[in-house]
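A short write-up of the structure that comes next.
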Amino acid sequence: MAPKRKALLGGAATSKAARSSKGSTPGPGTPRSMISDSSDVSENEGDIEIPDEMRKSMVKFDTSSDEHKYSIGRGINDMASRHFDSSRDFTALKPKLDAHNRPLWIQGNFVIVLESFHQLAPQAQDFLVTVAEPVSRPQFLHEYKLTTHSLYAAVSVGLNPKDIISTLERFSKTPVPSNVKGFISACGKSYGKVKLVLRNTKYLLETTDPEVLQMLLKDPTISECRVHGAEQITTSAPKMSGLAIAGTKEAAGIREAEGLNNADQEATQANPTKKEVYDALNDDDDEDDQEVVHAFQIRDDAVETVTKRCQEMQYPALEEYDFRNDNINANLEIDLQPSTQIRPYQEKSLSKMFGNGRAKSGIIVLPCGAGKTLVGITAACTIKKGVIVLATSNMSVIQWRNEFIKWSNINPDDVAIFSSDHKETFSGNTGVIVTTYSMVTATQKRSHESSKMMDFLRKREWGLMLLDEVHVVPANMFRKVIGNIKAHSKLGLTATLLREDDKIEDLNFLIGPKLYEANWMELSQQGHIARVQCAEVWCPMPTEFYDEYLKAATRSRSLLYVMNPLKMQACQYLITYHESRGDKIIVFSDDVYALEFYARKLMKPYLYGGTSNAERQEILQRFRDSSECNTIFLSKIGDTSLDLPEATCLIQISAQYGSRRQEAQRLGRILRAKRRNDEGFNAFFYSLVSKDTQEMLFSSKRQAFLVDQGYAFKVITTLHNIEKTPNLCFATAQERRELLLGLLDDMEKNKSQAEYERENNALMADGNLFNSKKPGARAKAKPRTMVRRGAHLLADLSGGQDMAYVEQNKPARGKKKVAHSDFFKKQQRDKERRKKLVDE
DNA sequence: AAATTCGCAA
DNA sequence: TATATTGCGAATTT
């Protein structure tokens with residue numbers, strides 16, 4: 001048989017086949033997949049030859065092949081296909097006999113799949129959240145992935161590799177693959193060995209293992225950052241005892257009476273496996289007692305470099321703060337108000353932070369409205385040392401201060417604000433400072449007071465640094481904060497640990513591992529955040545609009561699909577419908593032009609960056625209090641730092657490219673709805689999308705995060721009885737045509753301004769108007785545009801600017817001119833400035 | 001005090 | 001795929 005096949009295929013084919021197999025056949029050490037037997041055979045060259053076709057399909061179904069490694073990329077188009085990905089073929093794994101009693105699968109590529117409907121799922125999920133990264137948590141199958149970071153986090157909350165493996169084994173339907181076991185124990189060996197400690201305003205790198213110390217000292221990058229002549233050996237005796245997290249005191253008291261600590265209590269309730277795990281944690285602490293600690297000092301500005309390097313060496317530097325044994329820094333008189341009771345998930349997240357009686361640095365991820373502030377304050381109340389709070393805007397700085405006063409018994413004088421208009425310090429020798437990221441990053445020249453304040457902040461040793469909206473930190477500017485201010489522990493808070501760039505990884509060494517991530521669905525089932533119905537409304541485009549869309553350039557395209565009249569109708573319909581139900585509605589639009597147009601057309605108040613502070617307050621007040629005003633239009637301004645608990649319905653008419661963070665944040669606006677605990681209450685989230693345009697793609701990208709959180713997006717293609725909406729806008733073809741013409745004019749105006757700029761510059765530069773035209777760019781423009789632009793240019797050059805043009809073409813558009821006047825003014829200024837530059 | 005300008009983030 | 005536009009805060013000018 002074999003020789004015959006060989007003869008048929010010919011030499012060329014066989015050699016090609018052999019070559020192509022090299023990259024994909026599993027090497028030693030990789031888990032044996034369903035095809036590993038046959039590939040073993042093929043490695044013995046000349047024994048049996050396998051035809052190309054067959055080899056292709058082998059590669060296709062080879063779970064260990066790199067080529068088909070499952071990854072959740074940024075460009076996922078649908079959520080179903082990956083469930084059929086070849087790498088998700090489990091046939092290679094032999095299930096255990098009692099597989100149905102166990103809720104999860106573990107694959108060789110470190111992906112763990114959990115049956116969320118399984119009886120044991122809650123326990124398994126508790127455990128998985130600790131050791132693995134949640135990738136996707138839709139309704140039935142949850143997906144987690146073991147990563148170095150997630151294991152690092154697990155180790156840092158005190159789990160040891162042996163227990164992780166045995167617990168996984170217990171929950172898994174299939175045997176834990178050996179490479180997964182290897183990975184976990186490798187991580188466990190090195191993690192937690194190195195610690196970054198702040199002592200007497202000096203940063204020390206600390207380890208108990210002499211070998212690790214040598215390794216660190218030998219590393220060129222790290223020794224570079226060392227402060228020489230400061231090596232020291234100390235003995236430390238950290239003691240674990242039942243630390244009560246503030247706000248859980250009563251519960252803690254009961255537990256103590258029963259002779260159990262927090263962890264044990266939880267463990268006995270959950271399952272025996274977990275109890276063992278936590279027992280192991282306690283053992284560890286006993287061993288610590290008389291160990292010798294080796295440490296050396298590193299430069300303040302090198303902290304980021306060193307932690308990053310340690311991360312790369314697989315010896316991540318854990319930051320822990322033994323605040324109860326810190327006698328150097330003054331204690332802060334702060335405790336939660338006696339009446340305050342924190343919620344179970346808040347307690348859980350804090351127990352991760354204070355898991356071994358010290359404060360660990362890291363990040364807690366909670367959805368908006370789930371009480372992030374209270375978590376931060378509780379952490380501060382537990383540590384009871386100086387606290388510095390960093391927020392993104394002045395508004396949230398004030399909010400933080402108010403929350404501190406509201407939830408804790410701190411003396412209001414000890415909560416100081418450091419911002420452009422408040423530069424106070426606390427009265428005592430320690431306290432809380434609330435400030436913004438931009439205040440402490442200080443690139444520009446500072447006023448005298450500011451720099452004095454900065455010196456003060458820099459010189460101190462803070463017990464806790466609270467980083468609000470921590471996802472902004474990796475931006476180049478803001479990461480300076482970390483080096484600038486010395487804090488023993490850092491707690492990052494965010495709702496969406498997401499960025500569209502890849503800098504989110506940096507947080508692992510800038511702040512610390514993710515300590516806890518809440519499951520949105522679970523919180524909404526428990527009534528902590530509102531239940532939300534999500535829908536994507538597909539609005540068809542009238543043909544004349546679609547024609548223009550196809551012809552237009554990118555920028556104009558977005559204007560066209562946002563201004564789609566049928567979308568406006570849909571928006572109007574939804575507003576009418578929800579207002580009649582008694583909902584309060586927020587309409588979001590990123591495009592200020594569209595925002596203004598919609599709002600004026602539908603006669604609703606609108607709010608964007610340009611509206612003055614007084615007007616803002618007034619509109620928001622009206623929206624909050626008055627039953628007359630039930631709808632407001634917001635630009636990006638509403639994405640952050642606007643708190644409107646009245647809102648129960650949200651309509652999105654235009655959005656930023658594919659920003660998942662923005663989508664999540666917007667949804668967050670209605671999660672804290674006041675009425676969420678009403679019987680059968682539902683909040684609504686609509687995304688209006690023009691059919692068959694780029695918006696569809698953006699929309700699906702944006703939804704990825706929420707879908708992973710378990711939200712289901714319904715697609716609505718027809719709105720019932722939309723034609724019965726009173727005063728439906730753009731109902732006639734005539735109106736729509738006028739709208740389109742108006743739009744085209746405005747687009748024209750903007751474009752010609754920009755082009756005038758370019759040509760003007762070119763003219764100034766080389767004095768030749770005609771050479772300045774870039775052939776590539778021009779080729780794309782449509783003939784009609786060309787003609788118009790020409791005419792317009794002439795008008796500009798003759799000094800008439802655009803006034804005549806406006807009057808002539810759109811007499812009835814007075815309102816829109818306002819929107820652009822600023823733009824034109826700015827253009828004008830720029831033009832003049834550039835002219836001046838050239839003249840000089 | 002209000003307006004403008006600059007730098008930065010998304 | 002990269003860009004353009006928007007928002008925000010600090011500093012400077014009027």
Side-chain angles (χ1 to χ4, degrees), chain A residues 73-75 390-398 417-423 435-451 453-454 469-481 494 496 498-504 506 552-559 562 588-596 606-614 616 633-642 654-666 694 697-698 701-702 746-747 750-751 753-755 757-758 777 819-820 822-830 832-833:
Chain A
R74 286 163 63 182
L390 294 164
T392 44
S393 74
N394 272 341
M395 285 251 273
S396 57
V397 165
I398 294 165
I417 287 181
F418 173 38
S419 67
S420 53
D421 39 48
H422 286 90
K423 293 179 177 71
T435 181
T436 61
Y437 290 102
S438 51
M439 279 308 280
V440 288
T441 35
T443 38
Q444 293 137 314
K445 250 197 314 187
R446 311 304 301 273
S447 65
H448 180 63
E449 275 156 282
S450 286
S451 54
M453 190 71 179
M454 270 312 294
E469 309 289 343
V470 76
H471 54 264
V472 303
V473 173
N476 288 334
M477 225 34 238
F478 291 157
R479 65 198 307 163
K480 288 183 188 165
V481 181
T494 183
T496 47
L498 274 181
R499 293 170 68 94
E500 297 307 317
D501 56 26
D502 50 3
K503 284 184 180 159
I504 208 76
D506 296 0
T554 327
R555 160 76 193 135
S556 324
R557 281 190 171 190
S558 67
L559 193 61
V562 174
F588 274 109
S589 163
D590 255 37
D591 193 312
V592 184
Y593 177 89
L595 177 84
E596 188 167 16
Y606 64 95
L607 219 149
Y608 68 106
T611 36
S612 69
N613 228 333
R616 260 184 224 188
F633 281 69
L634 297 179
S635 74
K636 276 202 294 224
I637 198 176
D639 286 0
T640 46
S641 72
L642 262 185
S654 101
Q656 206 178 45
Y657 168 64
S659 169
R660 291 168 294 168
R661 187 199 53 78
Q662 193 187 39
E663 185 102 341
Q665 217 143 28
R666 286 187 171 171
Q694 282 171 304
L697 175 66
F698 294 161
K701 275 189 185 168
R702 291 165 60 82
D746 278 0
M747 273 156 48
N750 275 340
K751 185 158 66 181
Q753 279 293 322
E755 287 185 0
E757 270 300 298
R758 257 193 310 247
H820 284 278
D822 285 350
F823 173 76
F824 287 136
K825 255 195 259 169
K826 191 167 173 254
Q827 295 286 310
Q828 190 67 29
R829 275 197 305 273
D830 285 358
E832 270 157 26
R833 196 172 45 207

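The sequence lines fix the lettering, A, B, ..., with proteins before strands; numbering per chain opens at 1.
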For the side chain of [X], starting at C-beta, report the closest nucleotide among [options].
| X | options | answer |
| --- | --- | --- |
| Y608(A) | dG7(C), dA10(C), dT1(C) | dG7(C) |
| R616(A) | dC8(C), dA10(C), dA10(B) | dC8(C) |
| K636(A) | dA9(B), dA10(B), dG9(C) | dA10(B) |
| I637(A) | dC8(C), dA10(B), dT6(C) | dC8(C) |
| F478(A) | dA10(C), dA9(B), dG7(C) | dA9(B) |
| R499(A) | dT1(C), dA10(C), dA10(B) | dA10(B) |
| N394(A) | dT1(C), dA10(C), dA9(B) | dA10(C) |

To the nearest Å, how far apart are [X] [atom1] and [N] [atom2]?
| X | N | atom1 | atom2 | result |
| --- | --- | --- | --- | --- |
| M439(A) | dC8(C) | CE | P | 18 Å |
| F698(A) | dA2(C) | CZ | P | 13 Å |
| D501(A) | dC8(B) | CG | P | 16 Å |
| M395(A) | dG7(C) | CE | C1' | 12 Å |
| I504(A) | dA9(B) | CD1 | P | 14 Å |
| K701(A) | dT1(C) | NZ | C1' | 9 Å |
| Y606(A) | dT6(C) | OH | P | 14 Å |
| M477(A) | dG9(C) | CE | P | 16 Å |

Exercise. Do we see a donor-acceptor contact under 3.5 Å between the side chains of D639(A) and Q665(A)?
Worked result: no
For this session: Would you classify S659(A) as touching base, sugar-phosphate or nothing, given that sugar-phosphate means primed atoms plus P, OP1 and OP2, and contacts are heavy atoms under 4.0 Å?
Result: nothing
For this session: Give D591(A) one of three labels, base, sugar-phosphate or nothing, depending on what nucleic acid heavy atoms sit under 4.0 Å from its own.
Result: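 If one applies the 4.0 Å heavy-atom cut-off, D591(A) turns out to touch nothing in the nucleic acid.
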Exercise. What residues, two or more places apart in sequence or in another chain, satisfy ring pair (Phe, Tyr, Trp, His ring centres under 6.0 Å) together with Y606(A)?
Worked result: none
For this session: State whether R479(A) places a side-chain N or O below 4.0 Å from either non-bridging phosphate oxygen (OP1 or OP2) of dC8(B).
Result: no
Exercise. Is any side-chain nitrogen or oxygen of S438(A) closer than 4.0 Å to OP1 or OP2 of dC8(C)?
Worked result: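 No, S438(A) has no side-chain N/O under 4.0 Å of OP1/OP2 on dC8(C).
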For this session: Identify the two heavy atoms, one from T611(A) and one from R616(A), that lie closest to each other, and give their separation to 0.1 Å.
Result: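 Scanning both residues completely, I find the closest heavy atoms to be O-NE, 3.3 Å.
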Exercise. With no hydrogens and no angle check, is any side-chain donor or acceptor of T441(A) less than 3.5 Å from a backbone partner on F478(A)?
Worked result: no
Problem set entry | By side chain to side chain donor-acceptor pair (under 3.5 Å) - contacts of R479(A) (at least two apart) | E304(A), D506(A)
